[in-house]
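Worksheet: the structure to be examined is printed underneath.
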Amino acid sequence: MSAYKSDFLNVLESRGFIHQVSEPEALDALSAKGPITGYIGFDCTAPSLHVGSLLPIMMLHWMQQTGHKPIALMGGGTTRVGDPSGKDESRKILTDADIAENLAGIHRVFDRFLKFGTGKTDATMVNNNDWLAPLNYIDFLRDVGKHFSVNRMLSFDSVKMRLERQHELSFLEFNYMILQAYDFVELHKRHGCILQMGGSDQWGNIVNGIDLGRRMANAQLFALTSPLLTTSAGAKMGKTAAGAVWLNADRLSAYDYWQFWRNTEDADVERFLKLFTVMPLDEIKKLAALQGQEINEAKKILATEATALVHGRTAADAASETARKTFEEGAIAGDLPTLEISRAEFESGAPVLGLFVKAGLVASNGEARRQIKGGGLRVNDVAVSDEKMALAPKDLTPEGVVKLSMGRKRHVLLKPV
């Protein structure tokens with residue numbers, strides 16, 4: 001039973017989103033009284049966010065659902081600098097055009113989770129480049145820099161880890177936490193924002209912003225962080241052997257996204273249903289009670305509900321049906337992900353190792369060889385035993401495709417065109 005009075009903190013608490021809150025009683029009282037405004041920052045380093053960003057997106061979703069105003073802050077300015085948190089090396093510098101293109105791709109994901117508009121609790125997307133680009137460096141140092149102690153900045157985990165590992169931390173990146181703190185102050189000034197949320201590794205950065213808001217504007221600001229998400233096996237959320245689990249359909253198909261959730265470990269099913277679906281908690285409790293083979297039914301529901309949020313209900317149901325046909329009927333489902341190769345390349349004999357890499361089923365030829373040794377790769381449901389095997393027209397099924405499989409759950413159709 002949650003101790004919170006506000007729907008907002010109640011929902012976040014009961015679904016497992018809360019790690020730490022600054023001044024929880026005061027934030028709870030304000031949230032219970034009326035709409036508050038809160039934000040989370042997202043940098044624009046790629047044209048799509050990946051599953052690692054889904055937890056903060058869900059926090060903004062629930063914030064709006066419980067009657068408050070969420071701000072998705074796009075780091076058009078800070079993307080030029082790079083956040084050192086949890087990273088061993090500097091981020092590559094992107095052009096303004098790259099950043100603008102990435103921002104447009106990211107907006108498409110947010111449209112699935114938030115209602116944007118001009119109403120009291122409608123979401124807003126803001127770009128910190130609006131206030132960071134025109135900054136006069138000398139004025140900024142004088143007005144903002146004076147509030148920061150280098151001794152304290154050196155004590156933050158994001159900086160300390162890089163220094164301890166003797167990895168270079170550029171002066172540019174060292175500035176990141178000052179810019180992030182300044183974002184909070186600007187959002188308070190421009191939008192009345194009083195809450196910043198983020199992963200638990202952001203706690204120090206957010207507290208910096210609270211402190212700066214007090215010093216510069218005598219404002220009472222709040223921090224709320226979520227647990228850093230790992231699977232029960234200790235792996236980082238959102239990475240697979242084939243790479244990042246992207247949220248945009250042009251980077252990862254709805255079917256592959258569905259399969260990612262279907263492959264959830266038994267111990268994570270209840271937690272992921274709470275965090276990554278909008279299903280009522282009593283329904284989740286019933287699914288979490290399933291044992292043995294029945295837990296697979298809960299995983300299919302998790303996969304379909306999580307996919308529906310990102311790709312829409314129709315695509316989620318189609319992915320679920322494709323999986324059913326493929327595994328239960330052994331059929332070749334036409335809506336499996338498809339890799340097209342030139343007919344000329346195919347007819348001259350296409351090496352199987354390279355095709356599995358191209359299809360995204362393995363990351364490298366070396367990994368393909370290891371999978372072959374363990375019987376993990378199959379062509380048309382037959383295990384590949386020869387790593388020098390080449391595919392040719394004789395391997396085409398009656399449907400005119402070749403089915404490449406890794407394990408029992410990941411399939412791509414190869415189509416000569």
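The analysis underlying the following values was restricted to heavy atoms, covering all of them including side chains, and did not include hydrogens, waters or symmetry mates.
- Under the 4.5 Å side-chain criterion, counting only non-hydrogen atoms from C-beta, W203 is in contact with S22.
- The ring of F276 has its center closer than 6.0 angstrom to the ring center of W261.
- A donor-acceptor contact shorter than 3.5 Å is absent between the side chain of S320 and the backbone of A316.
- Judged purely by atom type and a 3.5 angstrom limit, R15 has no side-chain atom pairing as donor or acceptor with the backbone of L275.
- Scanning all heavy atoms of the two residues, the minimum distance from I106 to D43 falls at CD1-O, 4.0 Å.
- No side-chain heavy atom of W246 sits less than 4.5 Å from a side-chain heavy atom of V51.
- The closest side-chain heavy-atom distance from L60 to F110 is below 4.5 Å.
- Note on ring orientation: taking the six-membered ring where Trp is involved, the planes of W258 and Y255 are parallel (angle under 30°, cut-offs 30° and 60°).
- For the atom pair F346 CZ and D395 CG, the distance stands at 6.0 Å (nearest 0.5 Å).
- Between the side chain of D122 and the main chain of G119, a donor-acceptor pair closer than 3.5 Å is present.
- There is a side-chain donor-acceptor pair under 3.5 Å between S405 and H411.
- Within the model, atoms NZ of K120 and NZ of K69 stand 10.5 Å from one another, a figure rounded to the nearest 0.5 Å.
- Below 30°, between 30° and 60°, or above 60°: for Y257 and H311 the angle between ring planes is above 60°, a perpendicular geometry.
- Minimum heavy-atom separation, T307 to A303: OG1-O, 2.6 Å.
- One distance of note links CE of M197 with OG of S226; it measures 9.0 Å at 0.5 Å rounding.
- Rounding to the nearest 0.5 angstrom, the gap separating the CD1 atom in I36 from the NE2 atom in H68 is 5.5 Å.
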*Please lay out, stage by stage, how Q196 and Q202 fare under the test side chain to side chain donor-acceptor pair (under 3.5 Å).*
CA-CA 10 Å; Q196 184 183 168; Q202 293 295 319; over 6 Å; no
*So N208 and F184, side-chain contact (heavy atoms from CB on, under 4.5 Å) or not? Walk me through it.*
CA-CA 9 Å; N208 260 338; F184 201 173; over 6 Å; no
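- With salt bridges taken as basic N to acidic carboxylate O contacts below 4.0 Å, one links R108 and D250.
- The 12-atom threshold is exceeded at CD of Q65, counting heavy atoms of other residues, nucleotides or ligands nearer than 6.0 Å.
- Using a distance-only test at 3.5 Å, with no hydrogens or angles considered, no donor-acceptor pair links the side chain of D7 to the main chain of T66.
- Taking the charged nitrogens against the carboxylate oxygens, D211 and R214 do have a contact shorter than 4.0 Å, which makes a salt bridge.
- Checked by atom type and distance alone, the side chain of E13 never pairs as donor or acceptor with a backbone atom of Y4 at under 3.5 Å.
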*Take Q293 and N296, measure what side chain to side chain donor-acceptor pair (under 3.5 Å) needs, and give me the verdict at the end.*
CA-CA 6 Å; Q293 280 302 303; N296 288 324; 3.2 Å; yes
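- With contacts defined as side-chain heavy-atom distances shorter than 4.5 Å, the pair L27/E23 does not qualify.
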*Given H107 and F116, is the ring pair (Phe, Tyr, Trp, His ring centres under 6.0 Å) satisfied, shown in steps?*
CA-CA 11 Å; H107 203 308; F116 287 90; 5.0 Å; yes
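- Considering all non-hydrogen atoms of both residues, S14 and L281 come closest at OG-CD1, 3.6 Å.
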*Derivation of the side-chain contact (heavy atoms from CB on, under 4.5 Å) call for V362 and L377*: CA-CA 10 Å; V362 290; L377 300 187; 4.3 Å; yes
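- Contact detail for V352 and E387: the closest heavy-atom pair is CG1-O, 4.1 Å.
- Nearest heavy-atom pair across L114 and P70 is CD2-CG, 4.0 Å.
- To the nearest 0.5 Å, atom CG of residue N127 and atom CG of residue L73 are 7.5 Å apart.
- A 4.5 Å side-chain heavy-atom check between W131 and V126 finds at least one atom pair inside the cut-off.
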*Can you list the steps and then say if H50 with N248 is a side-chain contact (heavy atoms from CB on, under 4.5 Å)?*
CA-CA 8 Å; H50 56 70; N248 284 22; over 6 Å; no
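- Residue E186 holds its CD atom at 10.0 Å from CG of D130, rounded to the nearest 0.5 Å.
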*Check step by step if side-chain contact (heavy atoms from CB on, under 4.5 Å) holds for L135 and L132.*
CA-CA 5 Å; L135 279 176; L132 295 181; 3.9 Å; yes
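- Between K285 and D282 there is no salt bridge, since no side-chain N of the basic residue sits under 4.0 Å from a carboxylate O of the acidic one.
- In terms of heavy-atom proximity, A368 sits nearest to L353 at CB-CD2, 3.6 Å.
- At least one donor-acceptor pair closer than 3.5 Å links the side chain of D28 to the backbone N or O of K5.
- Looking at heavy atoms from C-beta onward, L273 lies out of side-chain contact with E283 at the 4.5 angstrom threshold.
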*Mind running side chain to side chain donor-acceptor pair (under 3.5 Å) on N263 and R410 for me, showing each step along the way?*
CA-CA 10 Å; N263 292 336; R410 299 193 58 220; over 6 Å; no
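- Look at R313 and E305 and you find a salt bridge, because one of the NZ, NE, NH1 or NH2 atoms lies within 4.0 Å of a carboxylate O, short of that distance.
- Counting only heavy atoms from C-beta outward, the side chains of L54 and F113 approach each other to under 4.5 Å.
- Of the possible donor and acceptor atoms, one in the side chain of S155 sits under 3.5 Å from a partner among the backbone N and O of R152.
- Note on E340 versus K415: no salt bridge recorded, every NZ/NE/NH1/NH2 to OD/OE distance being 4.0 Å or above.
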*Can you check side chain to side chain donor-acceptor pair (under 3.5 Å) on N175 and Y182, steps first, answer last?*
CA-CA 11 Å; N175 276 270; Y182 184 63; over 6 Å; no
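- Contact check for P337 versus S253: side-chain heavy atoms found under the 4.5 Å cut-off.
- Between R370 and E367 no salt bridge is recorded (no basic side-chain N to carboxylate O distance below 4.0 Å).
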